[in-house]
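This report concerns only the one structure given below.
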Number of protein chains: 2
Amino acid sequence: MSKVKARKFLKGQFVVQQGDVCKTENFVLSGCLKTFHIDHEGQEHIVMLAIENWWTSDLGSYINQTPADFNVQCLENSEVAQILYEDLERLFVEIPKLERFFRIIIQKAFAAAQKRIVNNFSLPAKERYLKFREQYPQIEQRVPQYMIASYLGMTKEFLSKIRSQLIEEQ
Amino acid sequence: MSKVKARKFLKGQFVVQQGDVCKTENFVLSGCLKTFHIDHEGQEHIVMLAIENWWTSDLGSYINQTPADFNVQCLENSEVAQILYEDLERLFVEIPKLERFFRIIIQKAFAAAQKRIVNNFSLPAKERYLKFREQYPQIEQRVPQYMIASYLGMTKEFLSKIRSQLIEEQ
DNA sequence: CAATGATGTTAATCCAGATTAACTTCCTTT
DNA sequence: AAAGGAAGTTAATCTGGATTAACATCATTG
């Protein structure tokens, strides 16, 4: 009996909702999802954009089984492989190599998050965008521009301005 | 034969230097350390402040054994328990529970980093400072104010202004 | 105890990026 | 093909926080 279940979601559907407990770790089989937080002013802040072969969840909610700070929503019709918290923990005990696999993924994600924090402080908006573009060219084409602006921590208007500057430049 | 070696560092000494490969994972037995990046303009950006019982390293450099993006430097005389990359990986194979222990630590660190990214985008400087103060009161007292400003992504002058505002307010 | 360096403050000026708002495409759906 | 909504653009104005610079305080160390 497999502990992993593939589940289909339509564009717009939520895999995790802010306030709920995140019960599953999610592996994207197909499609595209955004992880975001809604602040007190109702503004959306995207922390992650996930496409095929990415893991996504509200890890903080998942590991402590506490209410989520983040939403995970499908930007396209998507298929997601899901595994429940208890099942994954049990599998880690049974299969140490699986736990190793996850440890390594999370280490990389953490190292990337630290670099992102520094970049957000040290690079101006235009350079953050250029860096994003070269790092995730696949994502840029699939996701609306205003969401990329949110991921990069700037307004859609300002990203639009940057882009028209870049076109002028060359 | 223990694979973990305690090592003493004087205030100002570097445990990791930007450009070198980070060979050890470091557990702070006593003292206080900062992890920071120097950008092209020579500006320092602090990503982490570590005191007793914290782990610190340049994880990206450590896991890939590539040149470090970060420096780790002692802010006080410190004692650090160090374990070499190969030794720790070997221990993980021998002792699955140790690997579990590390996986969980890193999951928490990653979840915290994601929240920090959102806070940096959604909260103004004053609220980031207030949040920091309640989250890490111990650290605030041990570390010079201009380093806290750097950790929070603002200038020392602005943090000074915020603090004098807060004093006026009550 | 001078002197030097590290830390912190205050105030004036400046600017990257936010906000606002009006307009344009381009899809969808009917 | 009209109508409504999502996405993107442009330009004017505004502001949180940076920059600059002068000064204050306090530890160290010679």
Side-chain angles (χ1 to χ4, degrees), chain A residues 10-13 32 34 36 38-46 49 73-77 117-133 139-169, chain B residues 10-13 32 34 36 38-46 49 73-77 117-133 139-169:
Chain A
L10 294 175
K11 179 175 175 174
Q13 280 194 301
C32 181
K34 66 173 169 178
F36 63 102
I38 301 286
D39 69 21
H40 358 276
E41 267 116 53
Q43 277 233 286
E44 172 173 322
H45 300 276
I46 296 179
L49 292 164
Q73 188 183 17
C74 298
L75 302 179
E76 304 171 1
N77 296 341
I117 288 169
V118 169
N119 284 340
N120 289 343
F121 285 152
S122 61
L123 301 179
K126 190 195 244 177
E127 295 189 34
R128 292 205 305 277
Y129 172 60
L130 289 171
K131 195 159 232 172
F132 172 82
R133 236 171 41 162
I139 293 182
E140 209 202 351
Q141 272 128 28
R142 283 170 78 164
V143 173
Q145 203 172 296
Y146 74 90
M147 292 189 192
I148 290 167
S150 170
Y151 176 84
L152 293 172
M154 64 189 81
T155 59
K156 54 191 157 61
E157 292 85 355
F158 197 65
L159 179 54
S160 177
K161 191 177 181 179
I162 286 169
R163 284 170 49 93
S164 69
Q165 272 175 26
L166 287 170
I167 290 162
E168 277 174 18
E169 274 173 24
Chain B
L10 294 174
K11 179 176 175 173
Q13 279 193 301
C32 181
K34 66 172 169 178
F36 63 102
I38 301 286
D39 69 22
H40 0 275
E41 267 115 54
Q43 278 233 286
E44 173 174 320
H45 300 277
I46 296 180
L49 292 164
Q73 188 183 16
C74 297
L75 302 179
E76 305 171 2
N77 295 341
I117 287 169
V118 170
N119 284 339
N120 289 343
F121 284 153
S122 62
L123 301 179
K126 189 195 248 180
E127 295 189 33
R128 292 203 307 276
Y129 172 60
L130 289 172
K131 195 158 230 172
F132 172 82
R133 236 172 41 163
I139 293 181
E140 209 202 351
Q141 270 128 29
R142 283 169 79 163
V143 173
Q145 203 172 296
Y146 74 90
M147 291 189 193
I148 290 168
S150 171
Y151 176 84
L152 292 172
M154 64 189 80
T155 59
K156 53 189 157 57
E157 292 85 354
F158 197 66
L159 179 53
S160 178
K161 192 176 181 180
I162 286 169
R163 283 169 51 91
S164 68
Q165 274 174 26
L166 288 171
I167 291 162
E168 276 174 18
E169 275 173 24

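Only a predicted model underlies this, so the values are computations on that prediction, with no experimental measurement involved. Numbered from 1 within each chain, the chains take letters A, B, ... in sequence-line order. Computation of the quantities below employed the complete heavy-atom set of this structure, encompassing side-chain atoms and omitting hydrogens, waters and symmetry-equivalent molecules.
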(message) Could you check whether any side-chain heavy atom of A:Arg142 comes within less than 4.5 Å of a side-chain heavy atom of A:Leu75, counting everything from C-beta outward?
(response) no
(message) Is the shortest side-chain heavy-atom distance between A:Tyr151 and A:Arg128 below 4.5 Å?
(response) no
(message) Within the structure provided, determine whether B:Leu166 and B:Glu169 are in side-chain contact (heavy-atom separation under 4.5 Å).
(response) yes
(request) When you get a sec, tell me which of D:dG17, C:dT19, D:dT19 is the closest nucleotide to the side chain of B:Glu157? (result) D:dT19
(request) Please state how far atom CZ in A:Phe158 lies from atom C1' in D:dT15, giving the value in whole angstrom units. (result) 14 Å
(request) Rounded to the nearest 0.5 Å, what's the gap from CD1 on A:Ile117 to CD1 on B:Ile46? Could you check? (result) 13.0 Å
(request) Can you tell me the distance, in whole Å, between the NZ atom of B:Lys11 and the P atom of D:dT29? (result) 9 Å
(request) Kindly compute the distance separating CD1 (B:Ile162) from CG (B:Leu130), expressed to the nearest 0.5 Å. (result) 8.0 Å
(request) Can you tell me the distance, in whole Å, between the CG atom of B:Leu159 and the C1' atom of C:dA11? (result) 17 Å
(message) So, taking the atom named CG in B:Asn120 and the one named NE2 in A:His45, what distance separates them when rounded to the nearest 0.5 Å?
(response) 11.5 Å
(request) Hey, could you give me the NZ/CD distance between B:Lys11 and B:Gln73, rounded to the nearest 0.5 Å? (result) 10.0 Å
(request) Figure out the CG/P separation between A:Leu152 and C:dA18, and round it to whole Å. (result) 11 Å
(message) Within the structure provided, determine whether B:Glu157 and B:Ser160 are in side-chain contact (heavy-atom separation under 4.5 Å).
(response) no
(request) Answer whether the closest heavy-atom distance between the side chains of A:Leu123 and B:His40 falls below 4.5 Å. (result) yes
(request) With rounding to the nearest 0.5 Å, note down the distance linking NZ in A:Lys34 to CD1 in A:Ile148. (result) 12.0 Å
(request) Go through residues 141-149 of chain A and report each residue with a non-hydrogen atom lying under 4.0 Å from DNA chain C, sorted by number. (result) none
(message) Is there a side-chain contact between B:Arg163 and B:Tyr129 in this structure, where contact means two heavy atoms from C-beta onward sitting under 4.5 Å apart?
(response) yes
(request) Would you jot down, in residue-number order, the residues of residues 117-133 of chain A having a non-hydrogen atom under 4.0 Å from DNA chain D? (result) none
(message) Output the rounded distance in Å from CD (A:Gln73) to P (D:dA6).
(response) 12 Å
(message) Under 4.0 Å from OP1 or OP2 of D:dG8: is there any side-chain N or O of A:Ser160 that close?
(response) no
(request) From the options C:dA18, C:dT10, D:dT9, select the nucleotide whose nearest atom is closest to the side chain of A:Arg163. (result) D:dT9
(request) Please tell me which of the listed nucleotides, C:dA18, D:dT10, D:dA18, lies nearest to the side chain of B:Thr155? (result) D:dA18
(request) Give the rounded distance in Å between these two atoms: CD of B:Glu44 and C1' of C:dT7. (result) 14 Å
(message) Tell me the bend of the helix from C:dC1-D:dG30 to C:dT30-D:dA1 as the angle between end helix axes, each from five pairs, rounded to the nearest 10 degrees.
(response) 40°
(message) If I take atom NZ in residue A:Lys156 and atom P in nucleotide D:dT9, what distance separates them, rounded to the nearest angstrom?
(response) 11 Å
(request) Report the distance from atom CE of B:Met154 to atom P of C:dG8, rounded to the nearest whole Å. (result) 14 Å
(request) Answer yes or no: is there a side-chain heavy-atom contact under 4.5 Å between B:Ile139 and B:Phe132? (result) yes
